[in-house]
Amino acid sequence: MTPPAPTSAALPRLLDGLLSRAATLAGFASAGMLVSDDSRGVLLPLPGIGSAATPRRVRSDCPLVRRALNSPDTVHASGRSLSGTDLDGPGVARVCLLRLSNDGAEPTRLLVLTDADPTAEFTDQHRTALTALRTLLDDAATTALDTEEHKRRWQDLEQSRQLPAERTLVDERLDDAVTAVDCMSAIVRTCSALAGKSVLLFDRRGRTIAAATPDTTGHVTAPALTDILRAHNPGTVTAPDPVVLAAGPTTGLTRRKIVTPVVERGEHFGWLVIDEHPSSLSPTDEYAAARSARRIGAQFLVQRRIARVAWNAKSSLTRQLVRGTGALDDLAAGGEYLGVNIHARRVLVYILASHHDLADSERVLAEWMERDLGVEVLSTRGSEGILLLVEARENVGALATVANVKDALVRAANSLFRSQEFIAGVSSVCEPTALARAYRESREAVLCIDRFTDRTIHRIFAVDDLGPARLFLAHGEISAVRHFVDDMLGPLLRGAPGTADLLHTLQCWFDTARNVRGSAQRLGVHENTVRLRLARVHALTGLDVAGNASDQLSAQTALLVLRLQGHPALETHDGNRVTPEANTEPAEAPRHDRPAPSGSPAKDRRSA
């Protein structure tokens, strides 16, 4: 049976009477007792008593205190002797110190007498009176300390009796929160209500997942997780063990914190932090933090499983959309369940995975694209690569949408696959019923890139960048394609002076829809310079790109192969790099821009 708590006020009244009597007999205005606290190196007022004029606390290394502790007689000081000591203060002109406890007794007890009158004398009669009361005062102080120790033990016993009940309540409330709401924010709110303090949940990156404060405290601004963990070096986190971080200059915290890692099955998910506001921390708060962290860790695992199931369902739905299998109404019903708009127009991205393993990157890449573009991105993985279906915004044009997707792929490749090659084909914006065709077209674009491009760089092409020539390049024999390029543009590929400018001009002329003025403006040259260069191409290759449609198709196909191969003379907008346009001076034409000799195909074209 737990003993009753001491409640009598007779002892404090007796001590106050004895101290008042001692002060009167010694000729002082007030008296108090100090007890040593060796762990902190200070002397504190005796619990339960004290006068307003008595020093609240003094250091044990104070000169006057050190003298009194080392002397069996009284120590009297006033005036300059008080200056700079812990006993100096308003209303104190002189003091008298007397050690009450015997030498070696713990804790040390000290009588402190104070007075505001500096002229009063301290005589041998006063000293004798204090000596007579010394034993009585020391016995009274000892009794007071024993009483306080009894109170402390009673409180410990009472707390040990209440602690199981409090912990049972914590478990019941947390179980109710998980059963009723089943979310991490509900657990955080319950933990805050149980502790009566502010509680925050951070993920491993320091982002706030959930926060809750008691109704009586209002909003409490908490420091960032990095500032909290700066005072705590957790090392390798393996268990949800709460740690109480102290406040002060060493930690940089204004209030103490209970920091608990959220760990489940050996995996660290985040941190749960309880702030010491508005009440002090207690052992029950630490228990609530540990139990809440365990339940939050379980929630992380459950949500991961749910997300994986939903992701697999979306992946299956994506595969059905691309294959065109199943009725659209049935797919729409499944999409509604998963929160996917089946009827949205989309861009299909085909990413080749034959040269590096993207098996673990499908979800990471899709989530990265979603964050970057701010639209829904579906994904699935096949035997040869990854497919992304990127939603097209209603208020953005088709060309701009494709350009935005290519730019996002460039950023993703540079961020996620820095040391790996990244080959992607991008379709045009298409309706859900045209996704199967978009898959074939983007796959053909990837095959073209894979067969003819440099393997050391990222390559991203849209279907529209390649045009119908992709059919020939994707499935034709590579040696035959190379012979074709050499037959068409061989004279321009030998490295002769000026041929690089001819190739660049020819590419620019096709890019501007065979417009001489547009080509001249893009190249920064005179229109006649463009005409002279096209004539020079005619003279060297025999291709009348200005007047013969068949020659135009042949030249464009050959240029496409050169672009895929990364020819330095051609500007490339393939998502990997952009070759700057040639800075040709318009004032004077280079030597290779002179008109062709009389009778050449170029002159015949101009005459016509």
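Between K197 and the choices S282, S280, S279, the side-chain hydrogen bond (donor to acceptor under 3.5 Å, both in side chains) rule is met once, by S279.
Two residues are said to be in side-chain contact when any heavy atoms from C-beta on lie closer than 4.5 Å; D241 and V243 fail this criterion. Considering only heavy atoms from C-beta on, S192 stays 4.5 Å or farther from S198 through its side chain. Taking the side chain as every heavy atom from C-beta outward, D37 and P107 never approach each other to under 4.5 Å. Looking at R109 and T142, their side chains come closer than 4.5 Å, going by heavy atoms from C-beta outward. Proximity of F300 to M184: side-chain heavy atoms (C-beta onward) are separated by under 4.5 Å at one or more points. You'll find the side chain of L46 reaches within 4.5 Å of the side chain of L15, heavy atoms only. With a 4.5 Å cut-off on side-chain heavy atoms, I351 and L388 count as touching. Two residues are said to be in side-chain contact when any heavy atoms from C-beta on lie closer than 4.5 Å; L98 and L113 fail this criterion.
Rounded to the nearest 0.5 angstrom, E166 CD and D285 CG are separated by 9.0 Å. Distance check, rounded to the nearest 0.5 Å: CG of L34 to CG of L100 gives 10.0 Å. Between the CG atom of L145 and the NE2 atom of H150 there is a distance of 14.5 Å, given to the nearest 0.5 Å. Taken to the nearest 0.5 Å, the CG atom of D275 stands 10.5 Å off from the OG1 atom of T213. Expressed to the nearest 0.5 Å, how far CZ of R173 lies from CG of D171 amounts to 12.0 Å. Atom-to-atom distance recorded for I209:CD1 and F202:CZ is 9.5 Å, nearest 0.5 angstrom.
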List the steps and the verdict of side-chain contact (heavy atoms from CB on, under 4.5 Å) for E276 and K257.
CA-CA 6 Å; E276 190 178 34; K257 305 281 189 298; over 6 Å; no
Evaluate the side-chain contact (heavy atoms from CB on, under 4.5 Å) criterion for residues E376 and R346: first the C-alpha distance (whole Å), next the side-chain angles of each, then the deciding distance (0.1 Å), finally the verdict.
CA-CA 10 Å; E376 183 182 59; R346 300 180 184 274; 2.9 Å; yes
Would R381 and S315 satisfy side-chain contact (heavy atoms from CB on, under 4.5 Å), going step by step from the backbone distance to the final call?
CA-CA 8 Å; R381 186 171 65 248; S315 177; 6.0 Å; no
Trace of the side-chain contact (heavy atoms from CB on, under 4.5 Å) decision for M33 with L19
CA-CA 8 Å; M33 287 189 188; L19 290 173; 3.9 Å; yes
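Heavy-atom contacts from other residues, nucleotides or ligands closer than 6.0 Å to CG of L399 number 12 or fewer. Within a 6.0 Å radius of CZ in R295, other residues, nucleotides and ligands contribute more than 12 heavy atoms. Atom CD of E106 has more than 12 heavy atoms from other residues, nucleotides or ligands within 6.0 Å.
Across all non-hydrogen atoms, the minimal contact from R66 to D61 is NH1-O, 2.6 Å. The heavy-atom pair separating C191 from L174 by the smallest distance is N-CD2, 4.5 Å. Residue L18 comes nearest to L137 through the heavy atom pair CB-CD2, 3.8 Å, listed as atom of the first residue, atom of the second, then distance. Counting all heavy atoms, side chain and backbone alike, S101 lies closest to T108 at OG-CA, 3.6 Å. Closest of all the heavy-atom pairs between A366 and V377 is O-CB, 3.9 Å. The two residues P278 and G196 have their closest heavy-atom pair at CD-O, 3.1 Å.
Of the possible polar contacts, one joining the T251 side chain to the A246 backbone as a donor-acceptor pair under 3.5 Å is found. For the pair R393 (side chain) and G374 (backbone), a donor-acceptor distance under 3.5 Å is present. For T168 (side chain) and P164 (main-chain N/O), a donor-acceptor pair under 3.5 Å exists by modelled atom type. Not a single donor-acceptor pair under 3.5 Å links the side chain of S415 to the backbone N or O of R411. Without hydrogens or angle criteria, R99 side chain to L69 main chain gives a donor-acceptor distance under 3.5 Å. When atom types are taken as modelled, the side chain of T85 and the backbone of L82 share a donor-acceptor pair closer than 3.5 angstrom.
For the residue pair R319 and T380, a side-chain donor N or O sits within less than 3.5 Å of a side-chain acceptor on the partner. A donor and an acceptor atom, one from each side chain of S427 and S442, are nowhere located under 3.5 Å apart.
Between R205 and D203 there is no salt bridge, since no side-chain N of the basic residue sits under 4.0 Å from a carboxylate O of the acidic one. A salt bridge links E149 to R153: one of the charged nitrogens lies within less than 4.0 Å of a carboxylate oxygen.
Ring orientation note: the planes of F417 and F422 are close to parallel, at an angle under 30° on the 30°/60° scale.
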